[in-house]
A.B. asks: 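Quick one: the structure is below, questions incoming.
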Amino acid sequence: MEHFVEFEDVCKYYQTGSVKIAAADHLNFYVDKGEFCIIVGPSGAGKTTLLNILAALDKPTAGSVVLDGRELSKVGDADAAAFRRDNLGFVFQEFNLLDTFSLEDNIALPLVLAGKGYREINERLMPVARRLGIAELLKKYPYEVSGGQKQRAAVARAIITEPKLLLLDEPAAGMNPNETEELMHTIHSVRDQFGVAILLIERDMNFVMGICEEITVLDYGRVIARGDGKAIRNNPKVIAAYLGGD
């Protein structure tokens, strides 16, 4: 079966003096169209390496990564920016909203940079803002809205280009419990309303337990567990990775 995103036996090694460090060690996993996938692991597990390879910012030492039928190792440096613009949406930990721009201008920015005209920008911006519940906030600035509202604006900016895959990099970092709950609803709403595949990278095990049917756990570049929240919580390898046991 051909999957929408597929990592097949992916390795990524870095050399530090005489020591070879494996950031990805024979990594295998996949994401299907419209699926919500979570990759979780402690610091140093290989999550950032995985994101960089998927975003064509880095290439694996061995193995293959395919996105929608395209082998990413064949994306040249000159084409990488266009590849990211056409295929991927990103939501970062700090949201990266510009404080001097209104939410409307922040959300529209990717389309402006792509040279889209005012009419097309407005036609695409308003439906996204309405579906994410921030249409009435568009004239406000990031410092005037809550953390959860900023997060929804960041998601709107990421999906306004109609990407094939939405990447969320530790989106719950620094959020209070109410904002975290709001984020959970936003993620599910985006998947259900826009039909986009979602890959969420996270280190907070408690956060991921309640938001996804299947979780993949990395440690030292390897998949050490995969399953639902209950199975993951009770997995000895996961407990060792997070609590330092054997």
Side-chain angles (χ1 to χ4, degrees), residues 31 33-43 47-48 51 55 88-111 124-217 228-230 232-233 242:
V31 182
K33 287 187 176 180
E35 187 177 11
F36 178 23
C37 177
I38 291 178
I39 304 291
V40 64
S43 296
K47 303 185 299 296
T48 299
L51 274 184
L88 305 174
F90 293 89
V91 179
F92 302 97
Q93 292 181 33
E94 303 298 328
F95 309 140
N96 289 356
L97 297 175
L98 301 175
D99 285 336
T100 56
F101 280 27
S102 66
L103 296 190
E104 180 178 30
D105 290 338
N106 269 287
I107 296 168
L109 186 58
L111 298 182
R124 291 169 68 170
L125 189 150
M126 290 307 299
V128 169
R130 289 193 190 100
R131 291 165 82 174
L132 285 172
I134 55 173
E136 73 282 0
L137 302 174
L138 291 178
K139 299 303 181 183
K140 292 185 176 292
Y141 288 81
Y143 57 83
E144 296 180 304
V145 300
S146 70
Q149 291 166 338
K150 282 189 277 192
Q151 199 276 337
R152 279 184 278 161
V155 171
R157 181 181 59 188
I159 63 176
I160 198 169
T161 58
E162 300 176 350
K164 297 176 181 178
L165 177 65
L166 178 62
L167 302 175
L168 305 174
D169 184 12
E170 299 192 21
M175 285 189 170
N176 62 45
N178 288 336
E179 291 171 338
T180 299
E181 184 175 358
E182 184 177 351
L183 171 61
M184 292 180 186
H185 290 305
T186 298
I187 292 171
H188 282 289
S189 175
V190 167
R191 182 189 64 174
D192 296 341
Q193 294 190 55
F194 296 95
V196 62
I198 298 174
L199 179 60
L200 187 152
I201 303 296
E202 185 56 65
R203 75 176 70 182
D204 185 343
M205 186 66 73
N206 291 325
F207 168 65
V208 304
M209 281 296 142
I211 63 174
C212 189
E213 296 79 14
E214 183 168 284
I215 301 166
T216 298
V217 184
D228 62 20
K230 182 178 180 180
I232 291 298
R233 190 187 299 275
Y242 272 85

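Nothing here was measured: the structure is a model prediction, and the numbers come from that model.
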A.B. asks: Is there side-chain contact between F36 and H188, with heavy atoms separated by less than 4.5 Å?
C.D. replies: yes
A.B. asks: Donor-acceptor pair, E202 side chain versus D204 backbone, under 3.5 Å?
C.D. replies: yes
A.B. asks: Taking A108's backbone N and O only, do any of them form a donor-acceptor pair with R157's side chain (distance below 3.5 Å, no angle check)?
C.D. replies: no
A.B. asks: Taking C-beta and beyond as the side chain, do T216 and V40 meet within less than 4.5 Å on heavy atoms?
C.D. replies: no
A.B. asks: Spell out, as yes or no, whether a donor-acceptor pair under 3.5 Å connects the side chain of R124 to the backbone of I160.
C.D. replies: yes
A.B. asks: Is the shortest side-chain heavy-atom distance between L168 and I187 below 4.5 Å?
C.D. replies: yes
A.B. asks: Test your reading of the model: is there a side-chain donor-acceptor pair from Q193 to the backbone of V190, 3.5 Å cut-off?
C.D. replies: no
A.B. asks: Any side-chain to backbone donor/acceptor pair from K47 onto G41? Under 3.5 Å, distance only.
C.D. replies: yes
A.B. asks: Check for a donor-acceptor pair, side chain of S189 on one end and backbone N or O of H185 on the other, with a separation under 3.5 Å.
C.D. replies: no
A.B. asks: To the closest 0.5 Å, what do you measure between CD (Q151) and OG (S146)?
C.D. replies: 10.0 Å
A.B. asks: Rounded to the nearest 0.5 Å, how far apart are NZ of K33 and CG of L165?
C.D. replies: 12.0 Å
A.B. asks: Are the side chain of N106 and the backbone N or O of L97 linked by a donor-acceptor pair below 3.5 Å?
C.D. replies: no
A.B. asks: Any donor-acceptor pair under 3.5 Å linking the side chain of K150 with the backbone of Y143?
C.D. replies: no
A.B. asks: May I ask you to test the T48-D169 pair for a side-chain heavy-atom distance under 4.5 Å?
C.D. replies: no
A.B. asks: Compare all side-chain heavy atoms of L138 with those of S102 and state whether any distance is below 4.5 angstrom.
C.D. replies: no
A.B. asks: Heavy-atom distance under 4.5 Å between the side chains of L125 and E104, does that happen here?
C.D. replies: yes
A.B. asks: For atom CZ of R131, is the number of surrounding heavy atoms from other residues, nucleotides or ligands below 6.0 Å larger than 12?
C.D. replies: yes
A.B. asks: Got a donor-acceptor contact below 3.5 angstrom from the R130 side chain to the A135 backbone?
C.D. replies: no
A.B. asks: Can you find a heavy atom in the side chain of I159 that is under 4.5 Å from one in the side chain of V128?
C.D. replies: yes
A.B. asks: At what distance, to the nearest 0.5 angstrom, does CD of Q149 lie from CG of L137?
C.D. replies: 5.0 Å
A.B. asks: May I ask you to test the L132-T186 pair for a side-chain heavy-atom distance under 4.5 Å?
C.D. replies: yes
A.B. asks: As an exercise, state the distance from CD1 of I107 to CG of L109, rounded to the nearest 0.5 Å.
C.D. replies: 11.0 Å
